[in-house]
Structures are given as structure tokens and as C-alpha cells.
**Q** 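Below is a structure I'd like to ask you about.
We name chains A, B, ... by the order of the sequence lines, and we start the count at 1 in each one. Keep in mind that this is a model prediction, so the values were computed, not measured. Just the heavy atoms: all of them, side chains too, but no hydrogens, waters or symmetry mates, feed the values below.
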Amino acid sequence: MNGDPFSAVADKHSEFVDLQGLNKPQYEAVTTTEGPVLVIAGAGSGKTRTLVYRVAHLVDKGVAPESILLLTFTRKASQEMLWRAGRLLNETCSRVVGGTFHGIANLLLRRYGSHLGFDSSFSIIDRADAEGIVNLLKSSLGLGKKEKRFPSKRVVVNMISGAVNKSMNLETLVQEQYGHLLDHLEDIEKLRRHYHDFKLDHGLMDYDDLLVNLRRLLEESPEVQQTIAGRFSYIMVDEYQDTNLIQADIVRLAANESKNVMVVGDDSQSIYSFRGADFYNIMRFPKDFGDTRVIKLEENYRSTQPILSLTNNIIENAAEKYTKTLFTSIEGDWLPKLFGGRDELEEASFIVQTIKKLIQQGVEPANIAVLFRSSFHSYKLEIELTADRIEYEKRGGLKLTESAHMKDMIAFFRVLTNPQDTLSWNRILLQLEKVGPATAQKISNTIAGADDVLYTLQNYRAKTTWKEAFDRLVLLYEKLLGAEQKPGMLFEIALHYYQPIFERLYSDDYPKRQKDLDQLKGIMEGYEELQSFIDDTALDPPEQVNAEESCMDRLVLSTIHSAKGLEFDAVFVMGLADGRFPHASASYGEQWEEERRLLYVAATRARKYLYLTYPRQLMTPDRQFRRTGMSPFLSEMSGGLFERINGTGAGGYGQREQISLEEALPVRKKKTKKLQMEDFSVGCKVRHPFFGTGTVKKTSKGRSLDIYFDRHGLKTLHLDYAKLTIL
DNA sequence: TGCGGGAGGTTTTTT
DNA sequence: ACCTCCCGCA
């Protein structure tokens, strides 16, 4: 790995400390304090580094590695941290227990769940599964059929999950955040109850259940609580601002009397409130634990001063003022750039051209990142990059295991570890020809009530139209049960059965998908235990990598959320248009502020070069173009912090101008010329924002028109009130 | 029941 | 461009 600050100083603690500017008292406090420690650290200040120091120091001083618990949000982060600690100690710290909250919860529940009466053979379901269940329930409860405004399954899942994570009841949450859905409150509550029962009946646990049940386990079983607290004498948590109330409880309950808990976080990087993260956890920490040592790290070791000035400015405009202003001693006079393209295409090609130049100047592609709010914002750019044959790696958005064919395959293995997993059975049965939702449902219901699943399947009375296919399936299940349980072997058996189905199901593009299956084979062969493979695919889905290209040094495209904690020499933040960033549905108040912090996180990823770009025109879903200004977060920024580059429209960029105040102001709504009666004639086509397209049938004396709308019939409209456009 | 075609409505972010 | 719903037909 390039530029790793730890490698050069592996056995020289003290020199390293001076090098990175943690002063002596801070270093002492971070590494040796017994009792609770709260580290509040700004972006780029080396938060994770402090955890690494502590781990290394403790192991150095003879603390048993297996009594240290390190909690992070992504498994990658914990692996990297342990690797770094290992470098510092010139030995591996592999016996340190590190993982995600969800991963640890999974292990503990499988081990101790019986204390709460769980069966240890539960399956973990991801968000897509949860949406599938809600969909199933919606139709069986007859919800949302007639009522068009009934929330979509995704919204419902978010609501249910939000209520759990924020420890609120659903009603309060809906009132606070989904006010427009109050009419449906009763139905949503009904759905929530059924969803809960469904999971219990089928041995399924979603992400929220893992945490909730772990908390219950710690609260309700003193015996287990003591075992766990006794096992871990030191607990450390990274990115503490991303924890929710349940996770904070878990940390508190898992700590033993000595309360050797150290948490690290940054309140201005809190961007996960939609899944219940609550940055007040940081504020509350001293109260929860008592007598806490608080350490603030305000020096930034990542970015140049001009970039830092800009990012400080973003956060200064926040409604809630934060306590830190970062400073750096890294010099630089390169001002961040702001580019407004005519449309998405021009924005994309500006980015492509600039990336090419940067690469020519010697910046490694892997050190360049393009960040965006939502994963579809990069579509245009991806097309341009492909046209220019620039390789890239996309992060965020759909994961490898979320594609249909991967889920199909994994379903075979899920029913092996949990025969009651009807969700997976359903999936498998639907692959059969002449078996549709109704039949699949019927069969999986029978399975759900059965003691011996294999026996039930063998004796199921199949209809002649699909009997043959069904028999093949039963045979497969028999074979899988009888086979040696090595995951690699199971894969071979399942693929042999699935291949023809696969080619039929995805006949138009199966060669492309085939590569994913090959990759799955490789992944499965790396596992000894089927259960751990199943758990991992739900908890930590593998990234989609193309085998031949994986070792190459590639440009990174990523959602801002997935780029957290990373840094790059050059960063592009694209799609900074009004209505795109902040997200259109973000309301003023806390949601708006979270969007601002999101921009802050994005911009602080940059070490040397920062480009902010936006299109002045966006395509709406119905292929209409809509003019748009830059994001309000940009227009409220102080002048002089960035340099403006304007697209010429005819190719050739780089015409630099000093930023003018006028351009930085929000773009005013374009005034439309007021239409007169003379502009209309019988038969002319018009568009109305609500009624859609229509034809003028009659023009009366006053200022009203009779218009026949294709979808809404005849309407009489007054010219001064109706916002009509002539087509 | 299952399936194919066509229309219509939709899209945040993630462990 | 993608998913879902609805309809008519086998």
C-alpha cells in the first residue's frame, strides 16, 4: 500500500508521534487512560490512528489481544485497523476481536441466543429481502391496491426500521417525519405487526433484529452479560457519531466495571441519521459513563489550506454550530474549482478531460475519486468513461449479491442452513416453469409447517404441468443434504442444476451474469463453513470486482456514503445541482443539515485537488429538460474560496474567470412571458403541470379556455391562474 | 394459473 | 433505463 505513514515507523513510536503532531499528553491519554475516553476529532485528523495506538500500546504492555474488542462500521475498516496495529508492533494483532456491530451481534446471538429461546439456525435478511416480505404482506393484506398514495415497500421498510433504530413507536415517527402518510397510519402499523410475526415464524432476522436482540440478551440475561463483559476488558468504537441508541446501549452493557471504553467520532460527519444514527450519542457519552476523559483533535493532516478553508466554510454555515475549526500546516495555493456545465453531458466530459490531465501529470488513477449523492447520478459519466476507455471501480449502489441471479444461487444454500426460510424457498420455486407466485406460496407454506422438509417435498402432490421440474428440484435438495458440506462442493452441485434455468431466465444477457457466478464459486471455495458464508453474504456483501482488472490501479466512482473514511489526492464532487443535492425530499431542519454534512464529508476526502461540478440542466424522468441552478450549499459559500471555470458549450474548457458574486447567487426562476388569449387557437396543443397534455376546444370572450385533456377530460381554465405552456 | 406485452409510475444514502 | 400493475389469452 502506498504512502502508509505506519510502515516507515513501525518500531519507533515516539518519533512517529512527533511526526504526526499528537502531542505528548494527548498520546499518553489516548493510549494509557483507564476508564472512559471520548476522542472528538475532525476530518483528516487521524481518528483511526488513535485507536491503532491504543491497541498497539495495550498489546505491547501485555494485555491479552483477545480481551480487546474493536467495533467499527465496516469490516474493511476493522481489518485495516488491525493490520496497521500489527505494523506498529511488528507482529500481527490478529487475536484482537474486531468487527462490525452486526457481525459481533450475529456471533453472540448464535452462541448465546438459546438464553432468549432462539433457535440458532436463523437466517439474516438484507434490505431487499425485507422489501420483498413487505410486498408479499401488502398484497395479502390488500393494502395499497386502490389507494395510489400508499407508501412504497421501500418507504415502509425505512419507516419500520427507523422506528426501531430511534427507539420510537411507529406512530410518533410517522407524525414527525412522514406527516403526509398519517392517513395510512393504521395500515402501516398492521403491516409492521405482520412483518414482525413473519420473521419470527420463518426464522429470519433483519439488521435491526440483530442489534435489538443482542441488547435484550445483555439486559435480560445477567449471566451472559457477565460472561461477555468479563471477556472484553477494553472496548473501542470507531465512528461513534454513526451509532444509534441501541448500539450505544450495547456498548454500555458490554463494558465491565472498569469501563475501559474509548470511542472516537466527529459530530460534523454524522450522515447516517436515516438509519437511526444519533450524534447526540457523542454528547451523551460522558453522562452515560461518568468521569470521561475528553480529547479533541483539530489539526488536519490530509488537505491543503485552500481545501480546508472551503470545507470549514461549508460547516460554518450550519444551523447548529460545531465546536471545531480545523487547521493544517500543509501548504498549497491551488484553489478548489467550481464548474457549471450546460447539461449532464458537459459536466461528465469536463470531469473526463480533467481526469485525463491529472493522470498525465502523474496522479495515480486510484488516487482520484468522483463522488455523488445518489448512485444513478453517475450514469452519464460512466458512459463517457467507457467511451474513453478509462477503467473505474464503482462503489455504492447495487452490490454483487443483490443481483437476481446471485440471490437465486444463494437461496439454495440458505434453505440448507435454515429449512424454514420460506423466502428462499419461494425464490427457488418461482424459477420453475409453470410455477407462479400462487403455487410457490402454497408449496412454501406447506414447507413452513413441516417437521421434515425433505419428506414433505418428496411427497408433495405436484401438478403434471410442472411435476418434472419439481422432481428435479427435490432431487437437488436431496443431493445437497447428502453431500459433504464443503461450500465449494455444494456450489458445484447447485450450479449444475441451476445453469439451464439461469440461461432460460436471463436469456438476453446471461453471458455477462455468468462471470458473477464464477466469482461466487471463488468466494465460496474460500469458506470452510457454509453458515459463515451465508452470514457474510448478508452482513458484508463482496464488492463486484472483475477478476482481470482487479489488480489494476483504477479510478474510483462512489456514493459519498461509501467513501466515508477514505482519502484521495483528487476529488470530484458531481451533481451539485439544486434539487439533486440536497436531495429533493430533504426538508429544512435536521435533514437539510445532514445533507450539508454530507457535502462536508465529500469535500474533506480531498488531499490536493478538489473539483465541484454541477449541470445547469437536468432531465426529468419524462425526458423533459429542466433548468436548474447550483446547490444552495454552494451559492451560500463565501466568495474567493474557489475559482470558477465555465463551460464554453463548444468544447474547450479552462477559460478561467474570477468568481463573480452574481453567478454565486442562487439562480432565479426564469420569468416566462405571460401568455395572451391571442396565443391560443382552437385545436392547439397545450401542457398543464397537473393535467398533462390537452387540446384547446374553445376560446371564450374573457380569459378562460375550454381544454380537453387526454387523461382528465374537459376542463375550463382561467388563463391567469393556470400555468399553461403551448406545445 | 401462468405468461407476455404494454402502460404507467418511480428512484437517497446502508450495516 | 427499471420495476409493477393490469389485461387478455392459453
**Q** To the nearest Å, how far apart are A:Lys463 NZ and B:dG2 C1'?
**A**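 These atoms are roughly 10 Å apart.
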**Q** Please give, in whole Å, the distance from B:dT15 C1' to A:Gln241 CD?
**A**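 Rounding to the nearest Å, CD of A:Gln241 and C1' of B:dT15 are 14 Å apart.
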**Q** Go through the steps for A:Arg284 and A:Asp278 under the test salt bridge (charged side-chain N to carboxylate O under 4.0 Å, His left out), then give the verdict.
**A** CA-CA 10 Å; A:Arg284 252 194 308 268; A:Asp278 185 350; 3.4 Å; yes
**Q** When you get a sec, tell me which of B:dT13, C:dT4, B:dT15 is the closest nucleotide to the side chain of A:Tyr207?
**A**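 So the side chain of A:Tyr207 is nearest to B:dT15.
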**Q** Using heavy-atom distances to pick each residue's nearest nucleotide on DNA chain B, tell me which of A:Glu433 and A:Thr100 is more 5'.
**A**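 Whichever sits nearer the 5' end wins; that is A:Glu433.
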**Q** May I ask you to say what A:Phe101 touches in the nucleic acid, namely base, sugar-phosphate or nothing, with a heavy-atom cut-off under 4.0 Å?
**A**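 Here A:Phe101 touches no strand at all.
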**Q** Considering heavy-atom distances to DNA chain B, does A:Ser374 or A:Val435 have its closest nucleotide positioned more toward the 5' end?
**A**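 Closer to the 5' end of DNA chain B: A:Val435.
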**Q** Does the pair A:Arg427/A:Asp408 count as a salt bridge with the N-to-O cut at 4.0 Å?
**A**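 Looking at A:Arg427 and A:Asp408, the cut-off is met.
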**Q** Dump the intermediate steps for side chain to side chain donor-acceptor pair (under 3.5 Å) on A:Tyr392 and A:Glu382, then the final yes or no.
**A** CA-CA 8 Å; A:Tyr392 62 87; A:Glu382 288 175 51; 3.2 Å; yes
**Q** What is the distance, to the nearest angstrom, from the CZ atom on A:Phe581 to the P atom on B:dT13?
**A**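 My rounded result for the distance is 13 Å.
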**Q** Expressed as a whole number of angstroms, how long is the span from A:Phe376:CZ to B:dT10:C1'?
**A**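 Rounding to the nearest Å, CZ of A:Phe376 and C1' of B:dT10 are 10 Å apart.
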**Q** Looking at the side chain of A:Thr74, which of B:dT15, C:dT4, B:dT1 is the nearest nucleotide?
**A**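 So the nucleotide nearest the side chain must be B:dT15.
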**Q** Can A:Phe274 be classed as stacking with the base of B:dT13, given a centroid separation cut-off of 5.5 Å and a plane angle cut-off of 30°?
**A**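 Aromatic stack with B:dT13 present for A:Phe274.
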**Q** Using ring centroids (six-membered ring only for Trp), state whether A:Phe122 and A:His202 fall under 6.0 Å.
**A**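 No; A:Phe122 has its ring centre 6.0 Å or more from that of A:His202.
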**Q** At under 4.0 Å, does any side-chain N or O of A:Thr559 touch on OP1 or OP2 of B:dT14?
**A**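 Answer yes for this pair, as a side-chain N or O of A:Thr559 is under 4.0 Å from OP1 or OP2.
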**Q** Closest approach to the side chain of A:Asn158, judged atom by atom: which nucleotide of B:dT15, B:dT14, B:dG2 is it?
**A**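 Among the listed nucleotides, the one closest to the side chain of A:Asn158 is B:dT14.
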**Q** Considering every strand and a 4.0 Å limit on heavy-atom distances, what is the contact class for A:Lys153: base, sugar-phosphate, or nothing?
**A**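 Here A:Lys153 touches the backbone only, sparing every base.
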**Q** Over how many whole Å does the gap from A:Asp242 atom CG to B:dT14 atom P extend?
**A**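 It works out to 13 Å between those atoms.
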**Q** Tell me whether A:Asp343 is salt-bridged to A:Lys380, with the criterion being a basic N under 4.0 Å from an acidic carboxylate O.
**A**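 No.
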**Q** Quickly work out the A:Ile250 CD1 to B:dT15 C1' distance and round it to whole Å.
**A**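 Taking atom C1' of B:dT15 as the reference, CD1 of A:Ile250 is at 12 Å.
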**Q** Of the nucleotides B:dG2, B:dT13, B:dT14, which one has an atom closest to the side chain of A:Arg275?
**A**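 That would be B:dT14.
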**Q** I'd like to check A:Thr422 versus A:Asn445 (side-chain heavy atoms, cut-off strictly below 4.5 Å). Are they in contact?
**A**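 A:Thr422 vs A:Asn445: side chains apart.
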**Q** To the nearest Å, give me how far apart CG (A:Asn135) and P (C:dT4) are.
**A**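 So the two atoms are 6 Å apart, to the nearest Å.
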**Q** Between C1' on B:dT15 and OH on A:Tyr272, what's the gap in Å once rounded to a whole number?
**A**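 It is 8 Å, rounded to the nearest whole Å.
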**Q** Would you mind classifying the nucleic acid contact of A:Ser375 as base, sugar-phosphate or nothing, using non-hydrogen atoms under 4.0 angstrom?
**A**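 Counting heavy atoms under 4.0 Å across all strands, the contact made by A:Ser375 is with sugar-phosphate only.
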**Q** Below the 4.0 Å mark, does B:dT13 have OP1 or OP2 next to a side-chain nitrogen or oxygen of A:Ser562?
**A**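 False: A:Ser562 side-chain N/O out of range (4.0 Å or more) of B:dT13 OP1/OP2.
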**Q** Looking for any heavy atom pair under 4.0 Å, which part of the strands does A:Arg127 touch: base, sugar-phosphate only, or nothing?
**A**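 Answer is base: heavy atoms of A:Arg127 come under 4.0 Å of a base.
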